[in-house]
Amino acid sequence: MLRLLASALIVASSSGLGFAVAGGYRHRPRQLRQLQFALTVLGSEIRFRQTPLPQGLQVVASTVGGPVGQLFDDLATVLIGAQGRSVSWAWQQVKPCRGLALTSQDQALLARLAQVLGAGTIDEQVRQLELHMEHLQQLEQEAERARKANEKIWRYLGVFSGIALVLILL
Amino acid sequence: MMLSQENNIKAQVLPLLGCRPRQALEAAEGQVLAHAEEIRLRPNHALLVQGGGRELWLPLKVNEADLLETMNILSQYSYYAFAEQLARGYITVAGGHRVGVAGRVTVTKGKVGGLVETGSINIRIARQLKGVGKVALPWLFDKGQLQNTIILAAPGCGKTTLLRDLIRLISDEVGLTVGVADERSEVAGCYRGIPQLDIGRRTDVLDGCPRDQGLEMLVRSMGPQVVAADEIGCRADLRAVENVLAAGVAVLSTAHARDIEEAGQRPVLRNLLGEGFFQRAVILRRRQGIPALAEVAELPGRKLLYRGDR
């Protein structure tokens, strides 16, 4: 009886681990897509309404929602209280991106964006946002490929390695 | 009055500054802030507070980071939203204070395109002296009619301050509708289109609008009985004043000139004064360092109506 319970526990935890890794592969492309949408929203706020950056970020947060929206809301909050310290500084306070499935490569891209946000004319800002969106698009495609290749593997790997472990221990 | 001025600065001006300059000003004794008229930040030099004819160097060497932080706060991290204002050289902030900015300027097609790097910042603190126009006000009327008036003085003698108070008195106490073409946001100190200084409850302001166009727009749109503009002196103004007077609206204005003689030497002012556009000239002079009303004269003819004590 005890043996059965232990086996179940091993299988459950290892498949949980597998599902968690798979979840990362599943969420990343979606979040990268949301980030592109967020930059589109920010771009139009800057271009058509000349909204100051903190308020623009809040608009993005309420439009996008979810963990990606939360990221922008956090950045806006830090920025409002930043007493003049740079956007990059504010960005560093927001990291690590809680609840996000972004890789260090994705985060480095966002950090580069933080360096240019707010500094420049409307045209420059829109151009910068477009550039970063293109880059995000590439990352998204790559993430999509990785998802297709890895998501199922990790799920099966979790379940089966759990079963295998149980069989060995038995 | 002095105390409230100090609180004003603490509430409205200090939060605009980067961390170090703000702390330096907070640490300075109360008297410094109470008399402050201008706060200047220049990289590699000490923080300077000017006011009441004195200057005070605070023990803080301003660096580039201080300027950058201050600009970040002033622009709310949004250069793009303020680029146009910065190209004019200043930003008006809540409370009507004006922040002048100098630095590296880009030029496109012979016109200033924008200010791209901040070299120095000057915060000019708006202070309203209510009641300074009370003495002059009665002399500006003839048989109950407000006469077209020009205020003449050298820079720093309180022209704009007097104009602002006259507008307030005419609007609130005389009860006339006043329109103000506030090209440089100095008279009403508008922030996002809303006057931050008290200019009376019957007053409308066109903020940032070129004087000549502003005066005519006001006459067309707001039905004023009086229009006011600061520092007239170019040919376009002449035409605008002509049109305004043709519409039967009285004009209040100011000009750079120590007295009527000096005004007579300036081409445009000579025309304005000579052709009988103005019936009253108010002249301000510093008396023992303090700006004061020197005389009110009738134009043309320069008959002295009022003379301040020497």
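Hydrogens, waters and symmetry mates are skipped; everything else that's a heavy atom, side chains included, is used. Not measured: the values here are computed from a predicted model.
Residue A:Ala90: no heavy atom, backbone or side chain, is found under 4.5 Å from chain B.
Contact detail for A:Pro54 and B:Gln76: the closest heavy-atom pair is CD-O, 3.4 Å.
Separation of atoms CZ (B:Arg22) and CD (A:Gln83) is listed at 4.0 Å; rounding is to 0.5 Å. If you take OG on B:Ser75 and CG on A:Leu53, they are separated by 9.0 Å, rounding to the nearest 0.5 Å.
Here A:Thr63 pairs with nothing under the side chain to side chain donor-acceptor pair (under 3.5 Å) rule; sequence neighbours left out. Legend: residues meeting side chain to side chain contact (heavy atoms under 4.5 Å, CB included) with A:Gln115, ordered by chain and number and at least two apart, are A:Ser88.
Screening A:Leu79, A:Leu57, A:Leu117 for a side-chain contact (heavy atoms from CB on, under 4.5 Å) involving B:Tyr77 leaves a single residue, A:Leu79.
Within 6.0 Å of CD on B:Glu84 lie no more than 12 heavy atoms contributed by other residues, nucleotides or ligands. Heavy-atom neighbours of A:Lys152 NZ from other residues, nucleotides or ligands within 6.0 Å: at or below the threshold of 12.
Judged by distance alone, the side chain of B:Tyr80 and the main-chain N or O of A:Arg47 form no donor-acceptor pair under 3.5 Å.
Inspection of non-hydrogen atoms places A:Gly118, A:Ala119, A:Gly120, A:Thr121, A:Ile122, A:Gln125 of residues 118-147 of chain A under 4.5 Å from chain B. Taking 4.5 Å as the heavy-atom cut-off, none of the residues of residues 19-43 of chain A approach chain B.
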